[in-house]
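The structure under discussion appears below in the form of structure tokens.
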Amino acid sequence: MTSADLVLPPTDQQTPTAALLQAPDAQALEMAIGDMHVLLEQHGYVVAVYPTGIAPAHERRLYSVRSVLESDRIALLKVDLPPLGVAVLVRQLRQLSICDFSPGVVASAARLLSHYIHAGALLNSVTKFDRVPVDLRTHAKSWVPGSQFAVVAGPDPQLVKVGPKADPPAGPEFATHLMIAKGQSQSEWVKQTLAPAWQVQSIHEAALPSDSPAWWGTGKLVEFAAYLPDISILYQLVSSVRRENCHWCGMDLIGDRCGFCSSPLPAAESRMHSAGVLSQGAPAPPQS
């Protein structure tokens with residue numbers, strides 16, 4: 001992980017923590033190479049998850065370390081989720097890491113599990129928000145004092161102006177828990193309105209990730225992410241997807257792209273399994 005505030009507390013005593021891959025201004029290259037070498041010696045493989053909003057220098061550092069070590073056992077996964085959604089995904093991968101999945105399956109599972117994380121935020125303004133298309137009328141409304149907007153960045157982008165007669169954005173059609181992280185906004189709308197509408201089973205709170213205000217374009221927000229919490233459901237979900245062997249590096253994978261070398265399945269295989277998870281949408285989660 002590239003930021004300590006994206007490492008959520010473990011769900012149980014078995015869930016391992018995550019190692020921190022520090023930015024160039026916090027650690028010399030030689031030290032970063034040494035730390036990665038130790039991780040490889042201890043665990044055999046490293047699955048490094050980082051958000052799309054990471055500083056370019058930090059991303060280059062990750063690739064530099066992998067290049068210097070000349071290792072094919074390091075997966076670099078750039079995730080296009082809001083910061084709290086990234087933190088939730090990382091914890092799910094930590095949960096799966098203790099199961100009987102190969103490193104290749106765990107790495108490629110990141111794309112699958114992202115489909116089941118409904119990540120969004122309650123914003124006091126969308127004037128600086130550009131992650132979801134916002135029309136001029138909505139921008140104008142954001143200047144009205146007291147305006148609030150519920151935004152869901154994924155899996156299906158949505159933007160709704162919050163009001164007494166407005167319906168909340170559409171949520172997951174399966175049982176989830178809801179993680180909430182408050183910024184400068186103290187609104188209880190997420191707990192009192194969104195959570196019941198989404199029929200979440202439990203609500204948890206976390207500290208707001210440091211990158212969230214920049215990602216959402218404002219510090220006056222309440223970030224949220226609905227997710228599958230149960231490791232048995234996650235296990236069934238990943239197990240239900242057909243496994244393939246990467247034709248380039250030989251790692252196991254699910255979906256249509258290798259998590260370690262990023263090589264896609266050959267065209268013939270992609271056509272053969274066109275109804276797969278990541279080419280035509282995600283399967284419904286198994287029932288508990």
Residues, nucleotides or ligands: over 12 heavy atoms within 6.0 Å of Lys182 NZ: yes

State whether Arg66 and Asp72 are salt-bridged, where the test is any N-O pair (Lys NZ or Arg NE/NH1/NH2 against Asp/Glu carboxylate O) under 4.0 Å. no

Stepwise side-chain contact (heavy atoms from CB on, under 4.5 Å) test for Val46 and Met36: CA-CA 8 Å; Val46 172; Met36 181 66 78; 3.8 Å; yes

Where does the angle between the aromatic ring planes of Trp198 and His118 fall among parallel (under 30°), tilted (30 to 60°) and perpendicular (over 60°)? perpendicular

Under 4.5 Å side-chain linkage, directly or through intermediates, the cluster mates of Ile98: Ile231

Would Leu81 and Leu234 show up in the same hydrophobic cluster when neighbours are defined by side-chain heavy atoms closer than 4.5 Å? yes

For Glu188, look at atom CD and say whether over 12 heavy atoms of other residues, nucleotides or ligands are found less than 6.0 Å away. yes

Might you confirm whether atom CD of Gln42 has over 12 heavy atoms from other residues, nucleotides or ligands at distances under 6.0 Å? yes

According to a hydrophobic-cluster definition based on side-chain heavy atoms being under 4.5 Å apart (Ile, Leu, Val, Met, Phe, Trp, Tyr only), do Val79 and Ile117 belong together? yes

For residues Val105 and Leu228: do they belong to one hydrophobic cluster (side chain heavy atoms under 4.5 Å, members Ile, Leu, Val, Met, Phe, Trp, Tyr)? yes

Taking distance alone, no hydrogens or angles, what donor-acceptor pairs closer than 3.5 Å link side-chain atoms of residues 54-65 to residues at least two apart or in another chain?
| unit_1 | atom_1 | unit_2 | atom_2 | d |
| --- | --- | --- | --- | --- |
| His58 | NE2 | Leu21 | O | 2.8 |
| His58 | NE2 | Gln22 | O | 3.3 |
| His58 | NE2 | Ala23 | N | 3.4 |
| Glu59 | OE1 | Lys78 | NZ | 3.4 |
| Glu59 | OE2 | Tyr50 | OH | 2.8 |
| Glu59 | OE2 | Lys78 | NZ | 3.1 |
| Arg61 | NH1 | Gln27 | O | 3.0 |
| Arg61 | NH2 | Gln27 | O | 3.4 |
| Ser64 | OG | Arg60 | O | 2.9 |

Answer yes or no: is there an ion pair linking Glu205 with Lys191, defined by an N-O contact shorter than 4.0 Å? yes

Return each pair, listed once, that meets ring pair (Phe, Tyr, Trp, His ring centres under 6.0 Å) where at least one residue sits in residues 66-113; pairs must be two or more places apart or across chains. Phe101-Tyr235

Can you find a heavy atom in the side chain of Phe149 that is under 4.5 Å from one in the side chain of Val160? no

